[in-house]
Enquirer: 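Got a structure here, written out as structure tokens. Questions coming.
Just so you know, residue 1 is the first one in the sequence shown, and it goes up from there. Remember, it's 1-based here, ligands and their atoms both numbered in the order they're listed. The figures that follow rest on heavy atoms only: side chains count, while hydrogens, waters and symmetry mates do not.
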Amino acid sequence: MIPEKVKEMFITFLKKNAHRITNERFLILDSALNIEGHFDADELYLKMKNEYLQVSRATVYNTLELMSDCKILTKHNFKGDRTRYETKVGRKPHYHIICINCNKIIEFEYPMIEKIQNKICKENNLEIVDHTFQVFAKCENAEKCDKKKQTNSSAIKE
Ligand SMILES: [Zn+2]
Ligand SMILES: [Zn+2]
């Protein structure tokens, strides 16, 4: 189920930008909101295919872009990794530490980061439009760090 507020947000956005409103887009929106954590377009496409939902890969790709323009999703480009998305709805600002070997992602909240950003922007007469804060690291325990692991497929809810 797509929360009514989110559905309205998306419809308004699509209308305003002269994009077609199709059932396919809502199927994608619903599936994307049901994924916990970070996912890429192919992971979502495969998940939908496994659930026998009829969508084209191209539509999944461009609908995810639209959802990120509409601020329903946050789009991440973690170093050298594929574009990942995550739900913005109902989430507090948070930041990421990414293992450069196994792509494990640790999330954390730290309101002080927002305070510092606001302060520095204000001092320079700038208005924040968007922000990102990423830390790249390596797991200390090499045995638990699986270098071959490329995706975060465990994030997909069964
Ligand atoms: Zn996150
Ligand atoms: Zn690791």
Side-chain angles (χ1 to χ4, degrees), residues 1-10 12-14 25-51 53 55 57-121 126-158:
M1 276 295 286
I2 308 167
E4 208 52 44
K5 198 188 83 192
V6 177
K7 196 170 181 177
E8 269 170 33
M9 221 169 120
F10 197 40
T12 308
F13 174 86
L14 292 173
R25 294 211 202 276
F26 292 112
L27 287 177
I28 296 166
L29 174 60
D30 189 31
S31 297
L33 293 180
N34 273 311
I35 296 182
E36 239 174 57
H38 313 85
F39 61 94
D40 67 36
D42 272 336
E43 283 168 352
L44 179 63
Y45 172 68
L46 291 175
K47 179 184 180 269
M48 293 185 75
K49 225 178 123 184
N50 287 338
E51 290 168 359
L53 295 167
V55 285
R57 193 183 288 253
T59 309
V60 170
Y61 272 78
N62 74 49
T63 302
L64 285 173
E65 281 301 299
L66 294 174
M67 284 158 60
S68 107
D69 291 344
C70 173
K71 310 256 185 266
I72 292 172
L73 298 180
T74 309
K75 185 176 168 179
H76 297 293
N77 282 301
F78 299 130
K79 216 172 201 168
D81 200 7
R82 285 158 298 181
T83 299
R84 301 272 192 90
Y85 300 88
E86 76 178 318
T87 305
K88 204 173 191 137
V89 182
R91 297 235 33 205
K92 283 188 189 160
H94 66 273
Y95 305 95
H96 301 90
I97 303 177
I98 305 105
C99 171
I100 56 167
N101 288 330
C102 66
N103 293 332
K104 179 170 88 174
I105 300 169
I106 301 293
E107 294 186 325
F108 66 98
E109 289 175 15
Y110 200 71
M112 187 57 90
I113 293 176
E114 284 124 72
K115 279 189 192 149
I116 293 168
Q117 288 172 149
N118 291 338
K119 183 176 177 285
I120 297 171
C121 280
L126 293 165
E127 186 193 336
I128 296 183
V129 178
D130 200 2
H131 69 255
T132 177
F133 182 81
Q134 299 176 352
V135 178
F136 296 93
K138 284 181 189 170
C139 296
E140 277 184 4
N141 185 339
E143 273 169 36
K144 283 189 180 166
C145 179
D146 182 358
K147 291 182 188 176
K148 278 169 266 150
K149 198 180 161 218
Q150 290 300 316
T151 60
N152 185 22
S153 54
S154 61
I156 297 175
K157 260 191 210 164
E158 293 307 321

Enquirer: Taking both backbone and side chain into account, is any N, O or S atom of H76 nearer than 2.8 Å to the Zn ion (ligand 1)?
Expert: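 So H76 does not bind the Zn ion (ligand 1) by this criterion.
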
Enquirer: With under 30° as parallel and over 60° as perpendicular, where do the rings of F39 and Y85 fit, or are they tilted in between?
Expert: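 Because their plane-to-plane angle lies in the 30° to 60° range, the rings of F39 and Y85 count as tilted.
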
Enquirer: So among L66, T63, V6, which one has a side chain to side chain contact (heavy atoms under 4.5 Å, CB included) with L29?
Expert: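 It is V6; the other options fail the test.
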
Enquirer: Between H38 and F78, what is the ring plane arrangement, given parallel below 30°, perpendicular above 60°, and tilted in between?
Expert: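 It falls in the perpendicular class, over 60°.
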
Enquirer: To the nearest 10°, how many degrees is the angle C139 SG to the Zn ion (ligand 2) to C102 SG?
Expert: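 Seen from the Zn ion (ligand 2), SG and SG are separated by roughly 120°.
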
Enquirer: Parallel, tilted or perpendicular for F10 and F13, by the 30°/60° rule?
Expert: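 Parallel: the ring planes of F10 and F13 meet at under 30°.
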
Enquirer: Counting distance only, does the side-chain N/O of N62 pair as donor-acceptor with the main-chain N or O of A58 below 3.5 Å?
Expert: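 Pair found, side chain donor or acceptor close to backbone of A58.
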
Enquirer: What atom name does the N, O or S atom of H94 nearest to the Zn ion (ligand 1) carry?
Expert: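 This turns out to be NE2.
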
Enquirer: Suppose you place the vertex at the Zn ion (ligand 2); what is the angle out to C99 SG and C145 SG, to 10°?
Expert: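 That angle is 100°.
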
Enquirer: Where the Zn ion (ligand 1) is the centre, what is the NE2-to-OE1 angle for H96 and E86, rounded to 10°?
Expert: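 Reported to 10°, the angle equals 150°.
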
Enquirer: Considering only N, O or S atoms, which atom of E107 is nearest to the Zn ion (ligand 1)?
Expert: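 Nearest N/O/S atom: OE2.
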
